[in-house]
Each structure stands twice: as C-alpha cells, then as structure tokens.
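Hydrogens, waters and symmetry mates play no part in the numbers below; they use all other heavy atoms, side chains included.
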Amino acid sequence: MFGMIRNSLFGNSEETEYKVLSSETKNGVRFEVRRYDAAKYAAISSEGRTYDQVIGELVRKLLTYIGGNNDQGEAMGIAFPIIITVCPRNDGVFSRRLEVGIQIPNAYQQDPPAPTDSAIRIEERPGMTVYALQFGGFAGESEYRAEASRLTRTLGETTPFQRKQYFCCSYDPPLKPYGRRNEVWFLQEDP
C-alpha cells in the first residue's frame with residue numbers, strides 16, 4: 001500500500017488546468033477568479049465524523065486508487081489539487097459531511113481505470129468559475145475556516161457566490177515541510 005501512495009504522490013504529477021479570468025486585491029487581500037473545465041474526478045464521501053477525524057483516511061483511499069489499486073493496476077500519478085468539499089454551519093464549523101476529490105490525470109480522462117474500493121466513485125464534474133484565495137503552511141479545518149472567513153469578508157455581501165459549501169484545496173504531499181500551497185475556492189453563482 002505504501003508503494004501505491006508513494007507512486008501517486010511522487011510519480012507523475014500535474015496541476016489541474018485553469019484560466020485566470022482576473023486577479024484582484026480588495027482590502028489588502030489578493031484573490032483570483034478562475035475558470036475550470038469539466039473533468040472526471042475520483043471522489044469519496046464521509047458523513048458522521050469531523051474533518052480532522054476522517055480527512056487522512058479519505059485522502060489515503062484516493063491516493064491508493066490513483067497509485068494502482070484499480071482494475072488495471074495502473075499507477076496514474078496525481079493531478080493536484082486534492083479538493084475537499086465542505087458544508088459550513090452558521091457558526092462556520094464544518095458539518096460532518098464532506099467529500100474529497102482528485103481530478104483524474106489528463107492521460108486517463110477518457111477512460112479512467114475503475115476503482116476496486118467500492119467507496120470510491122468516478123464522476124463527471126461540470127465546469128466552474130471560482131474565487132480562489134491562496135495561503136501557505138499546513139492546513140486543517142481551523143486554517144481553512146479562517147481563510148474562508150477572510151475571503152467572505154473580502155468579497156462582501158453583494159458578490160454572487162455559493163455560501164452553503166466551498167472547496168478546501170491542497171497542492172502538496174503531506175510530508176512537504178515548507179513552501180506549501182493551499183487554497184479556498186468559492187463557487188461563483190450567476191448574479
């Protein structure tokens with residue numbers, strides 16, 4: 001299993017492609033508006049446990065899948081970021097329902113290997129426009145919540161974005177000690 005995770009993290013890697021529509025700074029906070037195309041993702045969900053209780057387990061399962069635990073035994077590499085969909089309560093704390101997704105690498109988009117773990121599903125996600133706020137360091141629930149709050153204040157009340165859920169994104173292997181890249185994405189809604 002460690003070999004599969006190693007292959008997914010240190011084998012071929014790519015960054016999910018996007019188009020920067022604008023780069024803005026408001027009240028000293030810099031964020032981007034980006035467009036992502038539709039793509040296939042490997043995804044896994046959890047309900048009933050907190051972010052900190054379950055995130056490591058869910059990410060490991062996905063890394064094992066893309067590292068070769070699939071019907072073809074194919075080590076696909078990884079397309080960063082790892083995207084965690086969270087649903088905040090009114091007080092900002094994450095609900096006990098979350099989903100982790102990793103975009104299938106480009107070479108496998110047309111016909112991805114089937115997962116051997118029944119908890120993992122392959123899904124086609126539609127294109128999306130997001131407000132993206134980047135930050136560094138190791139990120140857990142409290143760091144993502146703080147950055148989401150900062151982006152919410154920056155965008156203000158009149159900016160049309162999805163408030164019932166948002167995305168917590170990690171671009172780095174867990175053992176990378178410095179220069180880490182994390183982001184919070186808010187899904188843009190039509191005005």
Let me see the working for Ile82 and Val100 under side-chain contact (heavy atoms from CB on, under 4.5 Å), right down to the final yes or no. CA-CA 7 Å; Ile82 295 170; Val100 180; 3.7 Å; yes

Glu14 CD to Ile78 CD1 distance, which is reported to the nearest 0.5 Å: 10.0 Å

Contact summary for Tyr65 and Pro112, nearest pair of heavy atoms: OH-CB, 4.1 Å

Going from CZ on Phe167 to CD1 on Ile83, what distance comes out if it is rounded to the nearest 0.5 angstrom? 7.0 Å

Shortest non-hydrogen contact from Pro105 toward Gly77: CG-O, 3.9 Å

Decide yes or no on side-chain contact (heavy atoms from CB on, under 4.5 Å) for Phe94 and Thr50, but give the supporting numbers first. CA-CA 8 Å; Phe94 295 170; Thr50 68; over 6 Å; no

Are Leu151 and Phe31 close enough that some pair of their side-chain heavy atoms sits under 4.5 Å apart? yes

Is any side-chain heavy atom of Phe80 closer than 4.5 Å to one of Asp172? no

What is the distance from atom CG of Leu155 to atom CD of Glu24, rounded to the nearest 0.5 Å? 8.5 Å

Worked verdict on Lys19 versus Glu32 for salt bridge (Lys or Arg N to Asp or Glu O under 4.0 Å): CA-CA 10 Å; Lys19 180 180 180 184; Glu32 292 180 338; over 6 Å; no

I'd like to know whether Gln165 forms a side-chain contact (heavy atoms from CB on, under 4.5 Å) with Val86, so could you lay out the CA-CA distance, the side-chain angles of the two residues, the decisive distance to 0.1 Å, and finally the verdict. CA-CA 5 Å; Gln165 71 176 17; Val86 298; over 6 Å; no

Has the side chain of Lys40 got a donor or acceptor atom that lies under 3.5 Å from a matching backbone atom of Ile104? no

Donor on one side chain, acceptor on other, Asn70 and Thr116, under 3.5 Å: no

Any luck finding a side-chain donor-acceptor pair between Ser23 and Arg30 under 3.5 Å? yes

Does Gln110, at its CD atom, have more than 12 non-hydrogen atoms belonging to other residues, nucleotides or ligands within less than 6.0 Å? no

From Ile44 CD1 over to Leu98 CG, what is the distance, rounded to the nearest 0.5 angstrom? 10.5 Å

Hey, do the aromatic rings of Trp185 and Tyr36 have their centres closer than 6.0 Å? yes

Is a side-chain donor or acceptor of Ser95 paired with a backbone partner of Cys87 at a separation under 3.5 angstrom? yes

Shortest non-hydrogen contact from Ser46 to Val54? OG-CG2, 3.4 Å

Would you call Arg60 and Glu57 a salt bridge, using N to O less than 4.0 angstrom? no

dist Met76:CE -> Asn106:CG (nearest 0.5 Å) comes out at 12.5 Å

Count the heavy atoms of every other residue, nucleotide or ligand shown that sit under 6.0 Å from CZ of Arg35, and state whether that count exceeds 12. yes

Could I get the full list of salt bridge (charged side-chain N to carboxylate O under 4.0 Å, His left out) partners for Glu15, not counting sequence neighbours? Arg181

Quick check: closest heavy atoms across Ala43 and Arg125, and the distance to 0.1 Å? CB-NH2, 3.9 Å

If the threshold is 4.0 Å, N to carboxylate O, is there a salt bridge linking Arg34 and Glu17? no

So do Ser45 and Arg97 actually touch side chain to side chain, heavy atoms under 4.5 Å? no

With a 4.5 Å heavy-atom cut-off, do Val130 and Gln188 have their side chains touching? no

Taken in chain and number order and not counting sequence neighbours, the residues that satisfy salt bridge (charged side-chain N to carboxylate O under 4.0 Å, His left out) with Glu141 are Arg145

Partners passing salt bridge (charged side-chain N to carboxylate O under 4.0 Å, His left out) against Lys61 (at least two apart in sequence or in another chain): Asp117

Can you see whether Arg180 engages Tyr178 through a side-chain donor-acceptor pair at a distance of less than 3.5 angstrom? no

Does anything in residues 123-152 form a ring pair (Phe, Tyr, Trp, His ring centres under 6.0 Å)? List the pairs, not counting sequence neighbours. Phe135-Tyr144

List for me each residue that meets salt bridge (charged side-chain N to carboxylate O under 4.0 Å, His left out) alongside Arg96, sequence neighbours excluded, and say none if there are none. none

Backbone N/O of Thr64 and side chain of Asn69: donor-acceptor pair under 3.5 Å: no

State, without any angle test, whether Tyr171 and Glu183 hold a side-chain donor-acceptor pair at a distance under 3.5 Å. yes

Straight-line distance of Leu187 CG to Phe161 CZ, nearest 0.5 Å: 11.0 Å

Is there a side-chain contact between Val29 and Leu133 (heavy atoms, below 4.5 Å)? yes

State, yes or no, whether a side-chain contact exists between Ile102 and Leu63 at a heavy-atom distance under 4.5 Å. yes

Using the rule given for side-chain contact (heavy atoms from CB on, under 4.5 Å), can you reason through Gln103 versus Tyr41, listing the C-alpha separation, both sets of side-chain angles and the distance that settles it, and then say yes or no? CA-CA 4 Å; Gln103 183 175 314; Tyr41 283 76; 3.3 Å; yes

Would you say the ring centroid of Tyr166 lies under 6.0 angstrom from that of Phe186? yes

Strictly by modelled atom types, are Asn182 and Gln134 linked by a side-chain donor-acceptor pair under 3.5 Å? no

Tell me, which pairs form a salt bridge (charged side-chain N to carboxylate O under 4.0 Å, His left out) where one or both residues lie in residues 158-169, sequence neighbours left out? none

State whether a side-chain donor-acceptor pair under 3.5 Å links Tyr108 with Glu74. yes

